[in-house]
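When a ligand or atom number is given, it counts from 1 through the structure's own listing order.
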Amino acid sequence: MPHRVFQKSKPKAIISKLPHLGMNKQNFIDDFKRYYGHRLGRDKNCRSPHYAYEALSMAISDRMIERWKNTFTTYKESNCKRGYYLSMEFLMGRSLSNAMLNLGVSDIVSKAMYALGLDLEELEETEADAGLGNGGLGRLAACFIDSCATLQLPVTGYGLRYEYGMFSQSIANGEQIENPDHWLKNGNIWEIERPEYSQQIKFRGHTEFYLDEQGHEKRRWIDTQDIIAVPYDTPVPGYKNGTVNTLRLWKATATEVFDLQEFNAGDYAESVAAKNNAENITMVLYPNDANENGKALRLQQQYLLASASLQDVLQNWIANHGSNFNHFAEKNCFQLNDTHPSIAVAELMRLLMDEQGLDWKDAWEITTHTMAYTNHTLLPEALERWSVGLMQYLLPRLMEIIFEINAHFMTEVSAHWPGDSDKMAAMSIIEEGHEKQVRMAYLAIVGSFSVNGVAELHSQLLQQGLFKDFYAFWPDKFNNKTNGVTPRRWLAACNPELTTLITKTIGNGWITDLSQLAKLKVYAEDTEFADAWYKIQQSSKQRLIDYNKLEMDIELDVNSLFDIQVKRIHEYKRQLLNVLHVIHLYERIKRGDTNNWTNRTVLIGGKAAPGYVMAKNIIKLINNVANVINNDPDVGGKLKLIFMPNYRVSAMEKICPGADLSEQISTAGKEASGTGNMKFMMNGALTIGTLDGANIEIREEVGAENFFLFGLTETEVEELRHHYNPQDIINNDKDLGRVINLLECSHFNQFEQGIFDDIINSLKSPHDPWMTIADFRSYVDAQKQVEIAYNDKKRWTKMSILNCACSGKFSTDRTISDYNHDIWKLETIKIKTQ
Ligand code: 26Q
């Protein structure tokens, strides 16, 4: 339902073909001047670099749109199978430098800007991050669509255009302050609004039976309160290949029909208010927060994404094939990024039956051959459930369909395990109890032909634990797809010096075939190469120091060991274990136990969900400990602890090249994969880590001798739970005893008595799910091994080179080829470059 009037006349074909825009230095200078002067109305007296950023971005965007159009036409003409990545989050970060890199114009544009007296880096820094995601899952979606475009796969990303992205974090008195992230306030030149592809979305109302023209009993959903989803498209360029795919994000607006009804009734103010209500749906990204579970607005967001995206795809299908859906499943595939968009299973059934007239059997056949589900967590509290009551109220027709899906499924289960009512209860999509709940993961599994985890261990644990009954029932549905990161952003763009060295040494094939980094192995002990490598690492550390100085006004020592942990603050990720180690080092300094000391800078960054009290306490603890250590003259340059505020994509682009040591220290079995670990490895950092998530595969690739392993295994963790006694461990470990003692005597909170009691109690509890104390000794020992290695510059540099050289597996190009080979089965579509 378009909310703008279509023109009756048809544009002449001639305007559909875009002229080819020049790509040389003078072309960029000319276009820049025209946009800066004529479009934006700025001149040499303008003091904000923002407008120069905009003018340049417009010139780049023009070139991308030309290729975008070309890609669109090529896909349409080839009638190829399409893939759709449905995700509530796309954590894109900045676009300008990525667009220039992928178009292959970084150098020429840099020269053009220099000729104009502008500093390209300064322009890039004015771009706001598109922070439409919480962390790993959202950034994975962004890396995935980059790789799809680079591999020339016809995949569209579907998501939501939140007005406010992930909050920005500041620190006051050591505590996290959340500030709204109005990322669109200066406009967004990368998106194009396409109201002509708007979709109408139903909410509330009720359902009824009716007889269709053939006399068949049908159901319809009526008296609904509708809203309109308007798409905003962003181009997603492949790496120097002419492909530009689409990221389509939906914004909720009010319907004209609805407004008009109210208006005629004289409720003018109400009609305007209704508009506001509708627009609230895509106002804000939900933080990954257990307290936000079950919120009606979140369910509305999820349904909006699923319904608008499916209607968009069906509308396209009908435009090209009419209402014959016989071949729909051969030509379309939806990948669900966790359960967040999994209402799509029921929505596709509704659209096919209620709107397209298919019967249950045919609709179910299509649905279960087009949907594929990726799980990203084993933590039980993160598994989505929606109350049946809320769903009946907001989405009554969807709830009916879910009941029916479940009824069919329960029949299958009881045929497979006759008389086993426990099995039925365990596997039912509807969880019985005081308040009935829909288990979204089960809906996703039942409705999909593929279910995957995101690292080997995680996929195994899904099969043996969380989803074991489903695995027994459908073993062939389950598979693993180990995560990755895009080497364009996470090496080529963020680490230009290392990129130059690597390319000079092994050519540039690695940028699209990261396994070629293995050619660097033979240089690991080449003095000249290692020297160059070392110098680049030092200069990246210096850039990180400058960045920190800019943000926080603090001096750091480039020769100290840069030990970095950046990720969301969560108990399972065990930032606390890191802090315990820092306190231990501090305590050694105070005792004078500093023989063979290695100077260390510990950097920690990450956001706590606003309602996650313990995570916020952890931030406060880090800051308080930092305050004591950094201001103690006895400590001097031996140890620094820094909390870096507002960790985000653009910060990681400066952080990962400057790391010596990457902290991946989650309790074994809890981190599904991790992807920060891969960014660090690619840039030559060494990992200290547990046997968790993708760490296991990182260690396999690089070799045990180039990885600092510590801690209990997943099996050992589960075994120890039965008799875990942290007090015993504390009593038997002098170092640990002294650390806990410092915490207990309020050394880091002298004027804030009691504020860390909850942290101390959780560490000492026999029921601590994260078993931080259990891994302390082994962690401290591994950190000693880190120091020994770091003090041998030659050895460290060799290990650093090998980490980069062995990171090939962790490119999303590999991950996406695996998805395509095993799940999507799309052809690559070459785009003719003009
Ligand atoms: C749920 C309910 C209400 C509001 C928000 C949410 C919500 C939002 C985001 C729940 C979870 C998320 C994000 C989860 C996430 O990022 N998981 C991470 O995914 C990465 C990519 O696969 C893995 O590498 C990480 O191990 C995993 O923690």
Side-chain angles (χ1 to χ4, degrees), residues 85 87-91 131-144 159-160 162 165-167 284-302 305 335-343 373-387 390 437-438 440-441 452-459 461-462 480-486 566-574 606-612 649 664-680 689-690 692-698 810 812 815-816 819:
Y85 199 74
S87 177
M88 291 283 285
E89 309 192 358
F90 284 91
L91 188 41
L132 308 186
N134 272 283
L137 167 149
R139 183 55 230 178
L140 186 74
C143 286
F144 274 11
L160 296 181
Y162 303 107
M166 188 64 207
F167 66 84
V284 60
L285 165 77
Y286 269 90
N288 174 8
D289 191 331
N291 298 309
E292 300 291 351
N293 281 336
K295 297 275 166 77
L297 188 66
R298 169 90 177 169
L299 182 57
Q300 289 177 294
Q301 292 185 338
Q302 296 185 345
L305 169 62
Q335 191 71 43
L336 306 176
N337 199 18
D338 214 305
T339 51
H340 312 159
S342 63
I343 190 76
Y373 156 58
T374 304
N375 173 284
H376 296 264
T377 185
L378 288 156
L379 301 184
E381 67 268 28
L383 289 176
E384 275 195 301
R385 288 175 164 77
W386 288 107
S387 99
L390 180 66
Q437 308 250 307
V438 184
M440 298 307 277
N452 75 282
V454 290
E456 289 290 349
L457 173 70
H458 171 234
S459 296
L461 294 174
L462 286 180
N480 172 249
K481 295 287 166 283
T482 298
N483 281 167
V485 303
T486 170
V566 283
K567 48 184 81 238
R568 291 301 291 264
I569 310 293
H570 201 294
E571 288 163 281
Y572 85 79
K573 295 178 187 282
R574 296 200 298 195
K607 292 172 184 174
Y612 189 173
V649 172
Q664 307 300 335
I665 61 179
S666 51
T667 313
K670 300 302 172 193
E671 188 70 271
S673 161
T675 45
N677 47 3
M678 301 168 183
K679 295 164 199 167
F680 282 117
T690 48
D692 199 15
N695 295 351
I696 297 172
E697 292 157 73
I698 286 178
F810 306 105
T812 35
T815 311
I816 288 297
Y819 272 91

Legend entry - Numbered atoms of ligand 1 (with element) below 4.0 Å of Asn134, judged on heavy atoms: 8 (C), 9 (C)

Inset, instruction - Taking only heavy atoms of Tyr572 into account, list the atoms of ligand 1 that are under 4.0 Å away from them. - result: 28 (O)

Legend entry - Arg139 touching ligand 1 at heavy-atom level, < 4.0 angstrom: no

Legend entry - Identity and separation of the nearest protein heavy atom to atom 2 (C) of ligand 1: Asn293 OD1, 3.1 Å

Legend entry - For Ala672, atoms of ligand 1 separated by under 4.0 Å from a heavy atom: 26 (O)

Inset, instruction - Could you pull out the closest heavy-atom pair between Ala694 and Met678, with the gap in Å? - result: CB-CE, 3.5 Å

Legend entry - Closest protein heavy atom to atom 27 (C) of ligand 1, given as residue, atom name and distance to 0.1 Å: His376 O, 3.6 Å

Legend entry - Nitrogen or oxygen atoms of Lys573 and ligand 1 under 3.5 Å apart: no

Legend entry - Whether Glu89 lies under 4.0 Å from ligand 1, heavy atom: yes

Inset, instruction - Return the option from Thr482, Leu285, Asn288, Asn677 holding the heavy atom at the smallest distance from atom 13 (C) of ligand 1. - result: Asn288

Inset, instruction - State if Pro287 counts as touching ligand 1 under the rule of any non-hydrogen atom under 4.0 Å. - result: yes

Legend entry - Exercise: do Asn337 and Tyr85 side chains pair donor with acceptor under 3.5 Å: yes

Legend entry - Nearest non-hydrogen protein atom, atom 6 (C) of ligand 1: Arg298 NH2, 3.6 Å

Inset, instruction - Ignoring angles and geometry beyond distance, decide whether Leu137 reaches within less than 3.5 Å of ligand 1 through its nitrogen or oxygen atoms. - result: yes

Inset, instruction - Starting from the C-alpha separation in whole Å, work towards a yes-or-no answer on side-chain hydrogen bond (donor to acceptor under 3.5 Å, both in side chains) for Gln302 and Glu384. - result: CA-CA 12 Å; Gln302 296 185 345; Glu384 275 195 301; 2.7 Å; yes

Inset, instruction - Work out which heavy atom in Asp289 is nearest to a heavy atom in Pro610; give both atom names and the distance. - result: OD2-N, 3.7 Å

Inset, instruction - Could you grab the distance from atom CZ of Phe810 to atom OG1 of Thr482, nearest 0.5 Å is fine? - result: 7.5 Å

Inset, instruction - Go through the steps for His458 and Asn483 under the test side-chain contact (heavy atoms from CB on, under 4.5 Å), then give the verdict. - result: CA-CA 11 Å; His458 171 234; Asn483 281 167; over 6 Å; no

Legend entry - Check: Glu697 main-chain N/O paired with Glu456 side-chain donor or acceptor under 3.5 Å: no

Inset, instruction - Using non-hydrogen atoms of the residue, decide whether Gly674 is closer than 4.0 angstrom to ligand 1. - result: yes

